[in-house]
Amino acid sequence: MDDIVRQAIAKWPNVPNCYGWLGLDARGNWYMRDDKAQAAGPFASAGTAGSLAGKGSLLKHDKVIDFIQRNYESDASGQWFFQNGPQRVYVELEATPLIWRIDVAPGFAVTAHTGQPARVQRCIVDEYGRLYLDTDLGFGLVHTQDMACAADAVEQGLWVPDELPTHDLPVRFGYVRSPQLLQKK
């Protein structure tokens, strides 16, 4: 977390949390979800992408994206958020809290969409053939563009996938796909 963020938390400790305004898609892209996008529907629902209108606006500004990614983490209940100064902005997840990029053989280095390197601890495949990695940083989906590299790692026996259904993943790996929906319950 950035020092300026820590200072803001200390200065303003009781700022209310924000829900529904930020989303992370299955390719590691960030989306700003204004009132209109939120009214159009959920960011994602039941294992599938939400409506295009519900996704919101793709963030493209590199410095904003870098700031979000440096200050992105989870709370004790598995809800992922971006610490924006003193305010927690909880993130709607299309798939998982982390999206993995995989380097080519022989290294097969794994890097999160946030730019952090990770060590693979476990490999999962779901009923749709999507590949996930559980790492020292947390759980995430392998980026679609890196499936060939991931397949090479599996074929070489470096990663041995366990099969799990998609609907079991959030509970099993301790993450919440829609913190906003939890607030409404």
Side-chain angles (χ1 to χ4, degrees), residues 1-6 22-33 43-44 47-49 55-76 78-84 88-126 128-164 166 168-170 172-179:
M1 188 179 300
D2 289 358
D3 283 338
I4 194 167
V5 172
R6 284 189 191 93
L22 187 63
L24 178 70
D25 76 3
R27 298 184 69 130
N29 296 310
W30 296 100
Y31 285 82
M32 183 61 64
R33 303 182 68 239
F43 185 72
T48 62
K55 252 188 162 170
S57 302
L58 176 65
L59 292 179
K60 296 179 182 179
H61 193 281
D62 289 338
K63 290 187 188 240
V64 170
I65 293 167
D66 289 344
F67 182 67
I68 290 170
Q69 292 182 164
R70 282 194 316 272
N71 297 287
Y72 178 59
E73 55 189 71
S74 67
D75 66 16
Q79 297 178 85
W80 285 75
F81 62 91
F82 153 54
Q83 189 71 47
N84 185 24
R88 282 188 177 181
V89 178
Y90 281 91
V91 178
E92 297 294 297
L93 304 173
E94 185 175 30
T96 58
L98 298 165
I99 306 301
W100 304 118
R101 300 308 308 251
I102 314 296
D103 282 350
V104 296
F108 300 110
V110 175
T111 306
H113 71 279
T114 60
Q116 297 172 283
R119 287 187 321 274
V120 176
Q121 298 170 340
R122 187 172 178 196
C123 182
I124 305 294
V125 66
D126 71 10
Y128 305 107
R130 292 179 296 215
L131 195 67
Y132 304 83
L133 300 175
D134 188 21
T135 75
D136 59 327
L137 295 180
F139 186 75
L141 177 67
V142 172
H143 193 288
T144 55
Q145 290 180 328
D146 295 340
M147 283 302 294
C149 292
D152 288 345
V154 169
E155 286 177 2
Q156 291 182 27
L158 299 173
W159 304 338
V160 179
D162 292 324
E163 292 185 30
L164 287 174
T166 303
D168 287 355
L169 299 177
R172 182 81 174 258
F173 294 98
Y175 64 93
V176 175
R177 288 190 55 221
S178 179

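Quick note: numbers below take in every heavy atom, side chains included, and nothing from hydrogens, waters or symmetry partners. Counting begins at 1 with the first residue of the sequence.
- For Pro117, there are no side chain to side chain contact (heavy atoms under 4.5 Å, CB included) partners, not counting sequence neighbours.
- With sequence neighbours left out, Ala151 forms a side chain to side chain contact (heavy atoms under 4.5 Å, CB included) with no residue at all.
- The side chain to side chain donor-acceptor pair (under 3.5 Å) test applied to Gln121 returns no partner, not counting sequence neighbours.
- Distance check: Ile68 CD1 to His113 NE2 gives 9.5 Å after rounding to the nearest 0.5 Å.
- Within the 4.5 Å cutoff, the side chain of Arg172 has no heavy atoms near those of the Leu169 side chain.
- Every residue meeting the side chain to side chain contact (heavy atoms under 4.5 Å, CB included) condition with Val104, not counting sequence neighbours, appears here in chain and number order: Cys149.
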Q: Give the intermediate values and the outcome of side chain to side chain contact (heavy atoms under 4.5 Å, CB included) for residues Val154 and Val125.
A: CA-CA 11 Å; Val154 169; Val125 66; over 6 Å; no
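- Evaluation of the side chain to side chain donor-acceptor pair (under 3.5 Å) rule for Thr111 yields no partner, not counting sequence neighbours.
- Side-chain atoms of Arg177 come within 3.5 Å of backbone N or O of Glu94 as a donor-acceptor pair.
- Partners of Tyr90 according to the ring-ring contact (aromatic ring centres under 6.0 Å, His included) rule, which considers only residues two or more places apart in sequence or in another chain, are Tyr19, Phe81.
- Panel note: side chain Trp100, backbone Val110; no donor-acceptor pair is recorded below 3.5 Å.
- Within the structure, salt bridge (charged side-chain N to carboxylate O under 4.0 Å, His left out) contacts touching residues 98-123 (residues at least two apart or in different chains) are Arg101-Asp146, Arg119-Asp136, Arg122-Asp162.
- A donor-acceptor pair is defined here as one N or O able to donate and one able to accept, closer than 3.5 Å; such a pair exists between the side chain of Thr96 and the backbone of Leu141.
- The aromatic rings of Phe82 and Phe67 stand perpendicular to each other, their planes meeting at an angle above 60°, with 30° marking the opposite boundary.
- For the pair Val120 and Leu158, the minimum side-chain heavy-atom distance is 4.5 Å or more.
- Here Arg33 pairs with Ala37, Gln38, Phe43, Glu92, Gln180 under the side chain to side chain contact (heavy atoms under 4.5 Å, CB included) rule; sequence neighbours left out.
- Side-chain contact check for Asp134 versus Ile124: every heavy-atom pair is 4.5 Å or farther apart.
- Sequence neighbours left out, not one pair with a member in residues 58-68 passes side-chain hydrogen bond (donor to acceptor under 3.5 Å, both in side chains).
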Side-chain atoms of residues 22-32: list all donor-acceptor pairs with protein atoms under 3.5 Å, sequence neighbours left out, distances to 0.1 Å.
unit_1 : atom_1 : unit_2 : atom_2 : d
Asp25  : OD1    : Arg27  : N      : 2.9
Asp25  : OD1    : Gly28  : N      : 3.1
Asp25  : OD1    : Asn29  : N      : 2.8
Asp25  : OD2    : Asn29  : ND2    : 3.3
Arg27  : NH1    : Thr144 : OG1    : 3.3
Trp30  : NE1    : Gln69  : OE1    : 3.0

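- Contacts of Tyr72 classified as side chain to side chain donor-acceptor pair (under 3.5 Å), with partners at least two apart in sequence or in another chain: none.
- Annotation: side chain of Thr166 is in contact with side chain of Arg130 (closest heavy-atom distance under 4.5 Å).
- Rounded to the nearest 0.5 angstrom, Tyr132 OH and Phe139 CZ are separated by 6.5 Å.
- Residue pairs that meet the salt bridge (charged side-chain N to carboxylate O under 4.0 Å, His left out) test with at least one member in residues 104-113, sequence neighbours left out, do not exist here.
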Q: List the steps, then state whether side chain to side chain contact (heavy atoms under 4.5 Å, CB included) holds for Asn71 with Asn84.
A: CA-CA 7 Å; Asn71 297 287; Asn84 185 24; over 6 Å; no
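- Listed here is the closest heavy atom pair of Ile102 and Ala150: CG2-N, 4.3 Å.
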